[in-house]
Amino acid sequence: MAGKRHRGWRTFLTNKYLKDKENFFVEYDPEYPVKYAIFITEEEWVAFVAQRRDENFKKVSATNRERASNPTYAYKKGRLGYARLEEKILDETKSDATSLPPHVLWKEARVGKDGTVRDDVQHIYDECETLSQSISTAEDQENRSVLSRALNVPEYPGRVRGKGHGCTPTSLYKNPRRRNPSNQEVMETLQALQAQVLQLQKDNERYRCMEKCSSQLKETSEKASINCQNKFPEGISSCQLYLSSPTYRLVGKGKVHNTSGDLLHHRSLPDGHLKVSVDVVLDKDALLPIPDIVSETTLLRDAIGSFVAWPLDLIFIDDETPTKPASKDKGILRHNESVASQKEVFAQGSQQLSQKIGSRQKNKRDLPVTYLPKKGAFVPRYQISLETLVDSSDMATAGAIRLLDMEEDIFGYSCTETIGKEDLEHIFRHQELGVGVIHTYIRFLYDNFMRGNDQLSNRFRFVSSSLVNKALICREPDSCREYLVKRFMASSTNNLYLWPYNSGCHWLLLAIDPLKEVVYFLNSIDGEWTNYPDMKQLVDTSIKVFRSQRQARVPRTKSSNITWIKVQCPLQRNGIDCGYFVMRFMREIINMNQIEIPITYFDEYKCAHYTRLQLEQIKEELCQYFIEKRLISI
């Protein structure tokens, strides 16, 4: 519209000051229009006059004037305009469409009052119909429209032929305007392609190694296709995961499930492989030996909390002795249980604790720096005591595990959590935590804060990280959504659901209030929830399904609005502490007994960063819980 007004203004100046009454250009220099000095300067006026007197301009102007006065296909709708004509046709036909094809509207605009259509107009329309059957919409947008092809005229930029004034290709086709890429964008694309080629070369090398390994295993024995392998203990054992390409290295830790006839995601395991659950990733760029085609998961960090197939020769367990459940006490199953009575456990551990501290003072190289006793310094007594018990029990050998029963009230279903030596070592050495440790701390919170306290148990609930994590969201989004909706439906009053979410190599906490449709986002690395689109989409969809199932009435303005709040929580200063931060977040939220979390976090716990002492307190609580539950025996 602005361009049209500007052209009209220039035409007005030309007719008033540069032409005489007979519409010829005057020979003398026209005077400067002082009346319009606020719109045009004297320099601009001189340039304007010179441009209008230019012979090339006069030639083009005369050609356009002649063409406009005698159009080949005359418009016959007067002042109605394309937009109002289109609206009129849609109203008369009572069509559900929102617009008409350009060539249809072009034809209707050239129908006279008597309803007759000229033969040449009908011919163009028929040719458009024929072309529309052979040209795709994308090709129509990218090059010339069907109408421009039939008329054999160029398609001018910024307009759509047959749609009237103001209609542009961007507004009609809902496409962003195309532009040539900059040099920087070209270089970035080239670098991305080079990286893809390098990755394909690595994948090709890895697949060749896998085929060679598989063929060797097939030749050794027919038993290679049986899931239960004799070289590994039968049952569940803690293990270390290695890769041989491009270098031989330790990439993660987890638990190998050596069970006869076991399946992986409802499919048989490949020959020479065992099912492994991934707990900790040590190499964030490590690839899976066999990518998951269903979820398109190729990186090991995306499979945390999920099951994958791993080659036999790249799984290592120090202890080859099978371990089986022996007894059960207060929700904990012990493997290779000692005959010592439960009453003697802590007493023996305390005696050995003093001996161990004395021996470590003589040889401080065996002791982590945080364990060195200093005058007035914090001493992690429960951690040292638990480590002493572990070293003196069957848990000192790799493969020994403990099974911790998780009651139905915790995650909405009863399950068993596996704790191995590696999980305890991660606590002792302050390393990255796996799902088992996070879930054990949730069990601690439930037993020590919520059990027997109706107010807390009815207000706070937990979401299982084993059932909803990044790998499962990509592979089985429907089952993840069903679990969340079922979890939300169990609430009758306002509840806050605490969900430790693992994005592959990082823990963060979501606190979800499904009734108020509010999601609190606590991320210790100061990231945004937009960095986790799959997780956000799952939460939003689950809340909407929950809203529908409980038949809640929501204002139309909020029907698609679910409130996400980024809480300004304490931030970590390394790449290890995220799991410890999440555990402390959950403890502080439950301790405050508030469903609404302030954006600036609770005043009682507000700080820029947690100190090492604050994280050690969480570890001490966890280790004390292990000891009090008689998890380890000598």
Side-chain angles (χ1 to χ4, degrees), residues 346 349-350 353 356-357 360 367-390 404 417 419 423-451 453 456 460 462 465 498 500 506-509 511 522-525 567-594 597 601-632:
F346 193 72
S350 300
L353 171 61
K356 190 166 187 176
I357 293 177
R360 287 191 171 182
L367 189 66
V369 176
T370 56
Y371 285 4
L372 295 178
K374 298 179 181 180
K375 184 176 181 180
F378 170 74
V379 178
R381 299 187 182 278
Y382 285 104
Q383 296 180 51
I384 298 176
S385 179
L386 181 61
E387 187 175 6
T388 303
L389 295 175
V390 169
L404 180 65
E417 194 63 51
I419 305 296
D423 295 315
L424 300 176
E425 288 290 338
H426 296 159
I427 301 173
F428 301 150
R429 309 306 171 205
H430 199 83
Q431 297 173 350
E432 296 177 352
L433 300 180
V435 179
V437 176
I438 300 293
H439 280 187
T440 302
Y441 191 76
I442 289 178
R443 171 69 188 271
F444 159 77
L445 294 175
Y446 179 80
D447 286 345
N448 289 271
F449 289 85
M450 302 168 62
R451 188 187 297 277
N453 189 325
L456 290 179
F460 299 102
F462 300 98
S465 302
L498 303 180
H506 174 65
W507 286 101
L508 57 89
L509 181 66
L522 291 86
N523 191 356
S524 58
I525 59 172
V567 180
Q568 299 173 15
C569 56
L571 302 179
Q572 65 187 77
R573 289 178 285 191
N574 55 36
I576 299 174
D577 289 343
C578 55
Y580 304 98
F581 272 61
V582 166
M583 291 191 295
R584 189 167 182 94
F585 290 158
M586 291 190 293
R587 190 192 195 286
E588 292 174 348
I589 291 172
I590 295 175
N591 193 48
M592 291 304 299
N593 195 14
Q594 296 181 19
I597 304 176
Y601 204 52
F602 303 110
D603 291 337
E604 291 80 357
Y605 301 109
K606 188 183 300 183
C607 60
H609 313 280
Y610 285 140
T611 64
R612 184 58 181 268
L613 176 59
Q614 289 175 302
L615 300 184
E616 290 293 334
Q617 291 171 350
I618 297 296
K619 295 162 60 177
E620 280 288 277
E621 287 181 337
L622 194 54
C623 293
Q624 182 181 2
Y625 182 71
F626 282 142
I627 294 173
E628 290 179 349
K629 283 293 181 180
R630 304 294 192 264
L631 178 63
I632 310 298

Engineer: Can you name the closest pair of heavy atoms from I576 and Q572 and give their distance?
Structural biologist: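 Scanning both residues completely, I find the closest heavy atoms to be N-NE2, 4.0 Å.
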
Engineer: Just how far is it from atom CG of L571 to atom SG of C578, taken to the nearest 0.5 Å?
Structural biologist: 12.5 Å

Engineer: Between atom CG of L389 and atom CD1 of I627, what is the distance when rounded to the nearest 0.5 Å?
Structural biologist: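 Going from CG on L389 over to CD1 on I627, the span is 5.5 Å.
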
Engineer: Counting only N and O atoms by type, is there a donor-acceptor contact under 3.5 Å from the side chain of R584 to the main-chain atoms of Q614?
Structural biologist: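 Answer holds: yes.
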
Engineer: Can you find a pair of side-chain heavy atoms, one from Y441 and one from V582, that are under 4.5 Å apart?
Structural biologist: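 Side-chain contact under 4.5 Å: no.
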
Engineer: Is there a donor-acceptor contact under 3.5 Å from the side chain of W507 to the main chain of I438?
Structural biologist: no

Engineer: Please round to the nearest 0.5 Å and tell me the distance separating atom CZ of R381 and atom CD of E620.
Structural biologist: 9.0 Å

Engineer: Whether the side chain of E417 engages the backbone of L404 through a donor-acceptor N/O pair (distance < 3.5 Å, no angle test) should be reported.
Structural biologist: no

Engineer: When the ring planes of F585 and F581 are compared, do they come out parallel, tilted or perpendicular, using 30° and 60° as the limits?
Structural biologist: perpendicular

Engineer: Just verifying a value: how many Å separate N574 CG and R612 CZ, rounded to the nearest 0.5 Å?
Structural biologist: 8.5 Å

Engineer: Tell me if a side-chain donor or acceptor on Y580 pairs with a main-chain N or O of Q431 at a distance below 3.5 Å.
Structural biologist: yes

Engineer: I would like to know whether D577 and S524 meet side chain to side chain contact (heavy atoms under 4.5 Å, CB included); could you show each step before the answer?
Structural biologist: CA-CA 9 Å; D577 289 343; S524 58; over 6 Å; no

Engineer: Using the side-chain contact (heavy atoms from CB on, under 4.5 Å) criterion, which residues pair with R573? Sequence neighbours excluded.
Structural biologist: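 For R573, the residues satisfying side-chain contact (heavy atoms from CB on, under 4.5 Å) (neighbours in sequence not counted) are H609.
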
Engineer: For the CD atom of E621 and the CE atom of M583, what is their distance to the nearest 0.5 Å?
Structural biologist: 9.5 Å

Engineer: Ignoring hydrogens and angles, tell me if any N or O in the side chain of S465 forms a donor-acceptor pair with the backbone of P500 under 3.5 Å.
Structural biologist: yes

Engineer: Just to verify, which of I442, I590, L445 counts as forming a side chain to side chain contact (heavy atoms under 4.5 Å, CB included) with L498?
Structural biologist: I590

Engineer: Mind listing the closest non-hydrogen atom pair of E616 and P380 along with its distance?
Structural biologist: OE1-CB, 4.3 Å

Engineer: How long is the straight-line distance from CG of L433 back to CG of L622, given to the nearest 0.5 Å?
Structural biologist: 8.5 Å

Engineer: Please walk me through it: do N591 and E604 pass side chain to side chain contact (heavy atoms under 4.5 Å, CB included)?
Structural biologist: CA-CA 11 Å; N591 193 48; E604 291 80 357; over 6 Å; no

Engineer: So, the side chain of K619 versus the backbone of I427: is there a donor-acceptor pair under 3.5 Å, distance only?
Structural biologist: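 Yes: the side chain of K619 pairs with the backbone of I427.
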
Engineer: How close do Y601 and E588 get, heavy atom to heavy atom, and via which atoms?
Structural biologist: OH-OE1, 2.6 Å

Engineer: With sequence neighbours left out, write down each residue that passes side-chain contact (heavy atoms from CB on, under 4.5 Å) with N448, or none if nothing qualifies.
Structural biologist: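 Testing N448 for side-chain contact (heavy atoms from CB on, under 4.5 Å), a comparison that skips the adjacent residues, returns F444, Y625.
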
Engineer: Kindly give the heavy-atom pair with the smallest separation between C623 and Q383, and that separation in Å.
Structural biologist: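 Of all heavy-atom pairs spanning C623 and Q383, the closest is SG-CG, 3.6 Å.
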
Engineer: Check step by step if side chain to side chain contact (heavy atoms under 4.5 Å, CB included) holds for M592 and I597.
Structural biologist: CA-CA 9 Å; M592 291 304 299; I597 304 176; over 6 Å; no

Engineer: For a side chain to side chain contact (heavy atoms under 4.5 Å, CB included) check, start with the C-alpha distance between R587 and Q617, then their side-chain angles and the critical distance, and finish with the verdict.
Structural biologist: CA-CA 11 Å; R587 190 192 195 286; Q617 291 171 350; over 6 Å; no

Engineer: Taking only Lys NZ, Arg NE, NH1 and NH2, and the carboxylate oxygens of Asp or Glu, determine whether E387 and R429 approach each other closer than 4.0 Å.
Structural biologist: yes

